[in-house]
A.B. asks: 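Before we start, here is the structure in question, set down as structure tokens.
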Amino acid sequence: RSVITVLAKKGIIEFFEREVYRSPFREAPSPAPTGEIVLTDEQQWAFEGLLKQYGDIQNGNEASPAASNGVSVRGAPQSASSSSLGVKSETALLYGVTGSGKTQVFLKLVQEISGQGRGVIVMIPEIALTPQLLAQFRARFGDKVALFHSAMPLGPRLDEWKRVKNGEAQIAVGTRSAVFAPFENLGLIIMDEEQEQTYKSEVDPRFHARDAARFRARFHGALLLLASATPSVETYAQAVNGRYKLFSLTKRYGRALLPAVECADMRAELFEGNTGVFSRLLLDNLRETLSNHQQAILLLNRRGHNTYVSCAACGFVFKCENCSISMTYHSANHRLMCHYCGYSTELRYACPQCGQQSVRFSGLGTQRAESELAAMFPEARILRMDADTTLARFSHEKYFNAFANREYDILLGTQMVAKGLDFPHVTLVGVLGADNALFSDDFRGIERTFSLLTQVAGRSGRGGTPGKAIIQTNDPQNPVIELAAKQDYPAFYEHEMLARRLMRYPPFCDICVLAIFAADEELAHAAAGWVLKKLKDLAGGAFSDERMIVLGPSPAAVPRVAGKYREKLIIKCKNSRRFREMVTAVICAFRSVNSFKNAALSAEINPEHVL
């Protein structure tokens, strides 16, 4: 060190500091440069309309809040909470059928607005979707792109934050956390697949990325663009009611056509002796797809091998010790696992209740589907993607790149393979267990089922070859499945709005869920009763001007999770300042009751899942 110090004193060398950022793209392949963006007439119309809306915002000249294409839907209400946010023409909805080229419109809009020196945030709902979208943005904008998601190590994540803060990156691509990218001159926020539940944080701090994005768009004078082939009912209601601008893409991009969709009746299959996982219709189409050297995607939104293990002799069900839920059998490590709290135990074939070795496996998971596929198609190269196979860093990029390079013939996975992906050689999509969420007790269950079926069917036929989708169901005449098969979102919206109006659910009101947690079941029940009484007292006194409907208290759908009993009250209300003050008063009073010191109370407005 002394030699170096002397050299510096003599002016031969000099000391300096330069910060070198840790790049999340270090192990990612360099994307090939791309040419000019070419839009169809429909895409160009949407782009020019969005650009004009952006210009109106900058000029302080808000256009009249009417839907851009004059769409009118009967009975579309104004959201109970949107007026309090003051959202007007800063928000637009780009509704387009699957494969209509919404990303091309994004790229053109980002190119225009970032070229003016303003920051851009592009949000996607899942980490699994980042590789393809990120590759497109990096190919066009290079080092101006920063990446944000929770699977990144803290060091690179901090350095990406610094690049945005210092103005070295103009475009932030990522999941929910990207909404907080520190742009000082923000011009555009894009929220792709805006209906996805992953945009809502259901742990403290509880927030929806859409609400944060709307606040930032108004604060910075930016344009918020929501986009989806299956937008949430609340968002579409805002658009057709004129609160948001609506732009529609009704045709697929290029030569691609919407896939033909068929339903396989699994009741008829069982009646005819087929007790397997796959219908004969799906197997025949798989054989044809493989013989034509094309690819297939199969969706099964349940991981593990079997979702239910019981004793055939006495009926004992293997349940989690900490949760009131049956455990899932995983054949990879021969263990039973709880998908709620993570508890795991070795599978014992002797029943702990009667001692008989008569364990029976029921239910279907991705591991079982993979093993049956491998037995029926030994020559096929099968890739399974679920939470068990994508734990490693860059696993999503590695697997999706391998599938895109045709190293696999069949991609089998959970919902991470259902949306936002573009594989031109996929000509067949199969949906296994389409009814799983259709009869959920959550009022959003039907909407989620329609969205998932529509999105996954849209992965087929995106190249020049016509595609097909097979939906396996026990209820092929169900109107939701029929509308998803037709890819008819406007008709589904009309159907769903009738039910929402009748039952008074969003967008005709807001929902507040008060949840009580306690290790003792009696304590949880007593605390829930106390909360209901306190609500009645406040509603009949200081807050008598508030109108609401209170349902409950009642146990949660899964009454016990991670050792805590859970009770809930559902409040149909208007999300006003006065209502929030009342809920705050309930929570503060609850925390001051000494007998409830071992219980917890939380409140959540418009949750994605009712407890």
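For clarity, every value in this text was computed on a predicted model and none was experimentally measured. Worth knowing before you read on, the calculation uses all heavy atoms, side chains too, and leaves out hydrogens, waters and symmetry mates. By convention here, the first residue in the shown sequence is residue 1.
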A.B. asks: Does the Lys200 side chain pair with the main chain of Asn606, one donor and one acceptor, at a distance under 3.5 Å?
C.D. replies: yes
A.B. asks: Are the charged groups of Arg444 and Glu496 less than 4.0 angstrom apart, N to O?
C.D. replies: no
A.B. asks: State whether the side chain of Glu90 and the backbone N or O of Phe215 hold a donor-acceptor pair below 3.5 Å, judged by distance alone.
C.D. replies: no
A.B. asks: Could you tell me if Gln487 and Thr98 have a donor-acceptor pair between their side chains, going purely by distance under 3.5 Å?
C.D. replies: yes
A.B. asks: List in chain and number order the residues that pass salt bridge (charged side-chain N to carboxylate O under 4.0 Å, His left out) with Arg302, two or more places apart in sequence or in another chain; answer none if no residue qualifies.
C.D. replies: none
A.B. asks: Would the distance check show the side chain of Tyr199 and the main-chain N or O of Met123 forming a donor-acceptor pair, the cut-off being under 3.5 Å?
C.D. replies: yes
A.B. asks: Flag the pair Phe403 / Tyr408 as yes when their ring centroid distance falls below 6.0 Å, and as no otherwise.
C.D. replies: no
A.B. asks: Nearest 0.5 Å please: distance from the CE atom of Met416 over to the CZ atom of Phe400.
C.D. replies: 7.0 Å
A.B. asks: Treating Ser460 as the side-chain partner and Pro259 as the backbone partner, does any N or O pair qualify as donor plus acceptor under 3.5 Å?
C.D. replies: no
A.B. asks: Please tell me whether Thr230 and Gln455 have a donor and an acceptor in their side chains that are separated by less than 3.5 angstrom.
C.D. replies: yes
A.B. asks: Decide yes or no on side chain to side chain contact (heavy atoms under 4.5 Å, CB included) for Val173 and Thr130, but give the supporting numbers first.
C.D. replies: CA-CA 8 Å; Val173 177; Thr130 55; 5.6 Å; no
A.B. asks: Ignoring hydrogens and angles, state whether a donor on the side chain of Thr235 or Glu194 is under 3.5 Å from an acceptor on the partner side chain.
C.D. replies: yes
A.B. asks: Assess the side chains of Gln195 and Ser228: does a donor N or O sit below 3.5 Å from an acceptor N or O?
C.D. replies: yes
A.B. asks: Salt-bridge test for Glu112 and Lys108: reply yes if a basic N is under 4.0 Å from a carboxylate O, no otherwise.
C.D. replies: no
A.B. asks: Take Leu94 and Leu226 through the side chain to side chain contact (heavy atoms under 4.5 Å, CB included) test and state the conclusion after the steps.
C.D. replies: CA-CA 6 Å; Leu94 179 61; Leu226 309 175; over 6 Å; no
A.B. asks: Are side-chain heavy atoms of Leu225 and Thr91 found at a separation under 4.5 Å?
C.D. replies: no
A.B. asks: Evaluate the side-chain proximity of Phe247 to Leu93: yes if any heavy-atom separation is below 4.5 Å, no if none is.
C.D. replies: no
A.B. asks: Sub-3.5 Å donor-acceptor pair from the side chain of Thr198 to the main-chain atoms of Pro125, do we have one?
C.D. replies: yes
A.B. asks: Keeping the roles fixed (side chain from Glu447, backbone from Val233), state whether a donor-acceptor pair exists under 3.5 Å.
C.D. replies: yes
A.B. asks: Does one side chain, of Gln136 or Gln132, offer a donor that lies under 3.5 Å from an acceptor on the other?
C.D. replies: no
A.B. asks: Taking all atoms of both residues into account, what is the closest heavy-atom pair of Leu412 and Thr366, and its distance?
C.D. replies: CD2-O, 3.5 Å
A.B. asks: Closest approach of Asn474 and Arg267, non-hydrogen atoms and distance?
C.D. replies: O-NE, 2.7 Å
A.B. asks: Is any side-chain heavy atom of Ser100 less than 4.5 Å from a side-chain heavy atom of Thr250?
C.D. replies: no
A.B. asks: Taking Asp386 for its side chain and Thr414 for its backbone only, find out whether a donor-acceptor pair lies under 3.5 Å.
C.D. replies: no
A.B. asks: Hydrogens and angles aside, do Thr454 and Ser451 bring a side-chain donor and acceptor to less than 3.5 Å of each other?
C.D. replies: no
A.B. asks: Quick check: does any side chain N or O of Arg252 sit under 3.5 Å from a backbone N or O of Gly461, one acting as donor and the other as acceptor?
C.D. replies: yes
A.B. asks: Output every pair passing salt bridge (Lys or Arg N to Asp or Glu O under 4.0 Å) with a member in residues 451-470, not counting sequence neighbours, ordered by first then second residue.
C.D. replies: Glu262-Lys468, Asp422-Arg462
A.B. asks: I want to check something: taking the side chain as every heavy atom from C-beta on, are Val179 and Met191 in contact at a cut-off of under 4.5 Å?
C.D. replies: no
A.B. asks: Leu551 and Lys572: side chain to side chain contact (heavy atoms under 4.5 Å, CB included), yes or no, with the steps?
C.D. replies: CA-CA 8 Å; Leu551 307 176; Lys572 298 179 181 181; 4.0 Å; yes
A.B. asks: Can you tell me how far apart SG (Cys512) and CG (Leu569) are? Round to the nearest 0.5 Å.
C.D. replies: 9.5 Å
A.B. asks: How about Asn274 and Arg280: does a side-chain donor come under 3.5 Å of a side-chain acceptor?
C.D. replies: no
A.B. asks: Run the ring-ring contact (aromatic ring centres under 6.0 Å, His included) test against Phe180 and tell me which residues pass, sequence neighbours left out.
C.D. replies: Phe207
A.B. asks: Any side-chain heavy atom of Thr175 sitting closer than 4.5 Å to one from Phe148?
C.D. replies: no
A.B. asks: Has the side chain of Arg580 got a donor or acceptor atom that lies under 3.5 Å from a matching backbone atom of Asn575?
C.D. replies: yes
A.B. asks: Is any side-chain N of the basic residue among Lys574 and Asp510 closer than 4.0 Å to the acidic one's carboxylate O?
C.D. replies: no
A.B. asks: Would Ile481 and Leu453 count as a side chain to side chain contact (heavy atoms under 4.5 Å, CB included) if you check the C-alpha gap in whole Å, the side-chain angles of each, and the deciding distance to 0.1 Å?
C.D. replies: CA-CA 8 Å; Ile481 292 178; Leu453 294 178; 4.1 Å; yes
A.B. asks: What are the two closest heavy atoms between Ala92 and Leu50, and how far apart are they?
C.D. replies: CB-CD2, 3.6 Å
A.B. asks: May I ask you to decide whether Glu126 forms a salt bridge with Arg176, counting only side-chain N to carboxylate O separations under 4.0 Å?
C.D. replies: no
A.B. asks: Please name the pair of heavy atoms, one in Thr307 and one in Ser326, separated by the smallest distance, quoted to 0.1 Å.
C.D. replies: O-OG, 3.6 Å
A.B. asks: Do Asp284 and Leu282 come within less than 4.5 Å of each other through their side chains, counting heavy atoms only?
C.D. replies: no
A.B. asks: Could you give me the CA-CA distance, side-chain angles and deciding distance for Ser279 and Glu269, then say whether side-chain hydrogen bond (donor to acceptor under 3.5 Å, both in side chains) is met?
C.D. replies: CA-CA 7 Å; Ser279 65; Glu269 293 280 335; 4.8 Å; no
A.B. asks: Please round to the nearest 0.5 Å and tell me the distance separating atom CD1 of Ile471 and atom CE of Met266.
C.D. replies: 13.0 Å
A.B. asks: With under 30° as parallel and over 60° as perpendicular, where do the rings of Tyr489 and Tyr95 fit, or are they tilted in between?
C.D. replies: tilted
A.B. asks: Could you give the distance from CG (Leu283) to CD (Glu372), rounded to the nearest 0.5 Å?
C.D. replies: 9.5 Å
A.B. asks: Taking atom types as modelled and ignoring hydrogens, do the side chains of His609 and Gln197 form a donor-acceptor contact shorter than 3.5 angstrom?
C.D. replies: yes
A.B. asks: Please name the pair of heavy atoms, one in Ala229 and one in Val97, separated by the smallest distance, quoted to 0.1 Å.
C.D. replies: CB-C, 4.1 Å
A.B. asks: Would you indicate whether the side-chain heavy atoms of Tyr308 and Thr328 approach each other to under 4.5 Å?
C.D. replies: no
A.B. asks: To the nearest 0.5 Å, tell me how far Leu129 CG sits from Glu193 CD.
C.D. replies: 7.0 Å
A.B. asks: Less than 4.5 Å apart, side chain to side chain, heavy atoms only: is that true for Gln295 and Thr427?
C.D. replies: no
A.B. asks: To the nearest 0.5 Å, how far apart are CG in Leu421 and CG in Leu411?
C.D. replies: 8.0 Å
A.B. asks: Report yes or no: does Gln367 contribute a side-chain atom to a donor-acceptor pair with the main-chain N or O of Arg303 at less than 3.5 Å?
C.D. replies: no
A.B. asks: Taking all atoms of both residues into account, what is the closest heavy-atom pair of Thr473 and Cys263, and its distance?
C.D. replies: CG2-CB, 4.3 Å
